[in-house]
Amino acid sequence: QVQLVESGGGLVQPGGSLRLSCVASTNIFTFYAMGWYRQGPGKQRELVATITSGGTTNYADSVKGRFTISRDNAKNTVYLQMNNLKPEDTAVYYCNAKFRVEVTKVSYDYWGQGTPVTVSS
């Protein structure tokens with residue numbers, strides 16, 4: 001079974017930075033894509049950023065220019081560098097991995113336990 005472990009969350013002041021890490025229990029090249037989602041208080045989970053096995057990235061409009069997703073295949077790790085943080089970025093951030101069975105085009109999602117980020121003065 002796939003296990004994803006996030007770390008790096010915490011309390012930060014507006015304008016500050018944090019770097020989240022997600023370590024997978026298997027080689028990350030196994031996955032079609034990996035990414036980060038977040039769920040704020042009273043809100044549904046939303047996409048933050050994704051990166052495919054080919055290196056294509058995608059970002060939510062609200063974080064473009066501030067967040068950067070990257071990966072280190074040798075370390076089985078995906079990162080989310082968050083700069084210029086705002087109070088509205090406060091949420092629990094979840095790591096996601098997508099495994100696709102090519103013959104059927106069916107995808108399976110795996111999730112980490114989440115790491116909380118609080119942006120407040």
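Heavy-atom basis, side chains included; hydrogens, waters and symmetry copies ignored. Small disclaimer: the values here were computed from a predicted structure and weren't measured.
Listed for the Ser25 side chain is a donor-acceptor partner under 3.5 Å among the backbone atoms of Gln3. When atom types are taken as modelled, the side chain of Thr56 and the backbone of Gly54 share no donor-acceptor pair closer than 3.5 angstrom. Judged purely by atom type and a 3.5 angstrom limit, Lys105 uses its side chain to pair as donor or acceptor with the backbone of Glu102.
Atom CD of Glu88 has more than 12 heavy atoms from other residues, nucleotides or ligands within 6.0 Å. By the neighbour-count criterion of 12 heavy atoms within 6.0 Å, atom OH of Tyr79 is densely surrounded, having more than that number from other residues, nucleotides or ligands.
Closest non-hydrogen pair, Thr90 versus Pro41, comes out as O-CD, 4.0 Å. Between Ser17 and Asn83 the shortest heavy-atom distance is OG-OD1, 2.9 Å. Residue Cys22 comes nearest to Leu4 through the heavy atom pair SG-CB, 4.0 Å, listed as atom of the first residue, atom of the second, then distance.
Looking only at side-chain heavy atoms (C-beta outward), Gln39 and Glu46 stay at 4.5 Å or farther from each other. Side-chain atoms of Thr50 and Asn96, non-hydrogen and from C-beta on, never get closer than 4.5 Å to each other. Under the 4.5 Å side-chain criterion, counting only non-hydrogen atoms from C-beta, Phe99 is not in contact with Asp109. The shortest side-chain heavy-atom distance between Arg71 and Asn76 does not fall under the 4.5 Å cut-off.
When the options Asn27, Ile28, Val78 are evaluated for a side-chain contact (heavy atoms from CB on, under 4.5 Å) with Asn73, the one that passes is Ile28.
Sorted by first then second residue, the side-chain hydrogen bond (donor to acceptor under 3.5 Å, both in side chains) pairs that include residues 111-121, not counting sequence neighbours, are Glu6-Gln113.
Tyr94 and Tyr110 sit in two unconnected hydrophobic clusters of ILVMFWY residues. Membership requires side-chain heavy atoms under 4.5 Å apart, directly or through other members. Under the 4.5 Å side-chain heavy-atom criterion for Ile, Leu, Val, Met, Phe, Trp and Tyr, Ile51 and Tyr108 are members of the same hydrophobic cluster. Criterion: ILVMFWY side-chain heavy atoms under 4.5 Å apart, direct or through other members. Under it, Leu18 and Tyr59 are part of a common hydrophobic cluster.
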Stepwise salt bridge (charged side-chain N to carboxylate O under 4.0 Å, His left out) test for Lys64 and Asp61: CA-CA 5 Å; Lys64 286 182 179 178; Asp61 289 341; 3.2 Å; yes
Pair Phe31-Val2, side chain to side chain contact (heavy atoms under 4.5 Å, CB included): steps then yes or no: CA-CA 11 Å; Phe31 302 110; Val2 175; 3.6 Å; yes
Arg38 vs Lys43, side chain to side chain contact (heavy atoms under 4.5 Å, CB included): CA-CA, chis, key distance, verdict: CA-CA 9 Å; Arg38 67 187 181 187; Lys43 299 180 179 179; over 6 Å; no
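Listed by chain and residue number, Leu20, Trp36, Val48, Ala49, Phe67, Ile69, Met82, Tyr93 satisfy the side-chain contact (heavy atoms from CB on, under 4.5 Å) test with Leu80 (two or more places apart in sequence, or in another chain).
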